[in-house]
Amino acid sequence: MAQDGSFATIVIEGRAARDLDYLASFDGIYALVETLRALFRQADVDRTGLADGVRIRSLVLMPETKVILQVPAAAEAVRRMLSSVSLCMEAAAEEGGVKLRPHEKEMAGTLAALLGGGGWSSVKIALVEDDWESLVLVVPSELRTPLARLMPRPVLAG
């Protein structure tokens, strides 16, 4: 069952990783988990602690990376997160034609890091409801650099 009380299931797949040795290392796994945690923190605009309750239900690294997460939120909260991911993709593809909120700009940088860290050709993010993928987004590696450009630049004190 995909929905368990107030939990939603998300599947994240990295396609065709270049550097499987790094990804399968402790450092690579740690970086993957921390990047995913950042994605959920940025999606949690209402500060409900969404990232703190996420549980990894399955992690497969080879031949293709697949992470199944149980998220302590209703499917609607996950849909809002995926909507923000979709806006990031649109903004990256249009080079600034879409206005992003601050948390979405940070999310764009995290998506770029997710693509770059695993050397993936794409990242697929899906919400699973009633044992099928009800909402699917595929972020292609071609958007990595445009996504990174959307991330806010640090302001240096001077």
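Because the structure is predicted, anything quoted here is derived from the model rather than measured.
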Donor-acceptor list for residues 134-148 side chains, cut-off 3.5 Å, not counting sequence neighbours:
{"unit_1": "Ser134", "atom_1": "OG", "unit_2": "Leu127", "atom_2": "O", "d": "3.4"}
{"unit_1": "Ser134", "atom_1": "OG", "unit_2": "Glu129", "atom_2": "OE1", "d": "2.6"}
{"unit_1": "Ser141", "atom_1": "OG", "unit_2": "Ser121", "atom_2": "O", "d": "3.3"}

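- Heavy-atom minimum distance, His103 versus Gln42: CD2-O, 3.1 Å.
- Separating the OG atom in Ser84 from the CG atom in Leu39 is a distance of 9.5 Å, to the nearest 0.5 Å.
- Remark: side-chain polar atoms of Thr35 are paired, donor with acceptor, to backbone N or O of Ala31 under 3.5 angstrom.
- Residues Met107 and Leu87 form no side-chain contact, since every pair of their non-hydrogen atoms from C-beta on lies 4.5 Å or further apart.
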| request: Check the pair Gln70, Arg55 against side chain to side chain donor-acceptor pair (under 3.5 Å), reporting the backbone distance first and the verdict last. | output: CA-CA 5 Å; Gln70 193 170 29; Arg55 299 291 178 254; over 6 Å; no
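- Checking side-chain atoms of Glu104 against main-chain N and O of Arg101 turns up a donor-acceptor pair under 3.5 Å.
- Residues Ile10 and Phe40 form a side-chain contact, since some pair of their non-hydrogen atoms from C-beta on lies under 4.5 Å apart.
- A salt bridge links Glu133 and Lys124; the closest N-O separation between the charged side-chain nitrogens and carboxylate oxygens is under 4.0 Å.
- Under the 4.5 Å side-chain heavy-atom criterion for ILVMFWY residues, no single connected hydrophobic cluster contains both Val60 and Val128.
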| request: Apply side chain to side chain contact (heavy atoms under 4.5 Å, CB included) to the pair Leu69 and Ile12, showing each step before the final yes or no. | output: CA-CA 8 Å; Leu69 303 169; Ile12 299 173; 3.9 Å; yes
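- Salt bridge status for Glu13 with Arg15: present, with a side-chain N to carboxylate O gap under 4.0 Å.
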| message | Working note: Val67 + Val11, criterion side chain to side chain contact (heavy atoms under 4.5 Å, CB included); need CA distance, chi angles, decisive distance, verdict. | response | CA-CA 6 Å; Val67 184; Val11 177; over 6 Å; no
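- Met151 and Met89 fall into different hydrophobic clusters, defined by Ile, Leu, Val, Met, Phe, Trp and Tyr side-chain heavy atoms under 4.5 Å apart, directly or through other members.
- Residue pairs meeting the salt bridge (charged side-chain N to carboxylate O under 4.0 Å, His left out) criterion with at least one member in residues 23-40, sequence neighbours excluded, are Glu34-Arg37.
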| message | With side chain to side chain contact (heavy atoms under 4.5 Å, CB included) as the criterion, how do Trp120 and Thr65 come out once you've worked through the C-alpha distance, each side chain's angles and the decisive distance to 0.1 Å? | response | CA-CA 9 Å; Trp120 293 330; Thr65 305; 3.7 Å; yes
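- Between Leu150 and Leu100, some side-chain heavy-atom pair lies under the 4.5 Å cut-off.
- Inter-residue side-chain proximity for Leu59 and Leu32 is flagged as met; some heavy-atom pair is nearer than 4.5 Å.
- Atom OG1 of residue Thr110 and atom CG of residue Leu36 lie 10.0 Å apart, to the nearest 0.5 angstrom.
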| Going through the distances and angles, do Thr9 and Arg57 end up as a side chain to side chain contact (heavy atoms under 4.5 Å, CB included)? | CA-CA 9 Å; Thr9 300; Arg57 292 296 170 216; over 6 Å; no
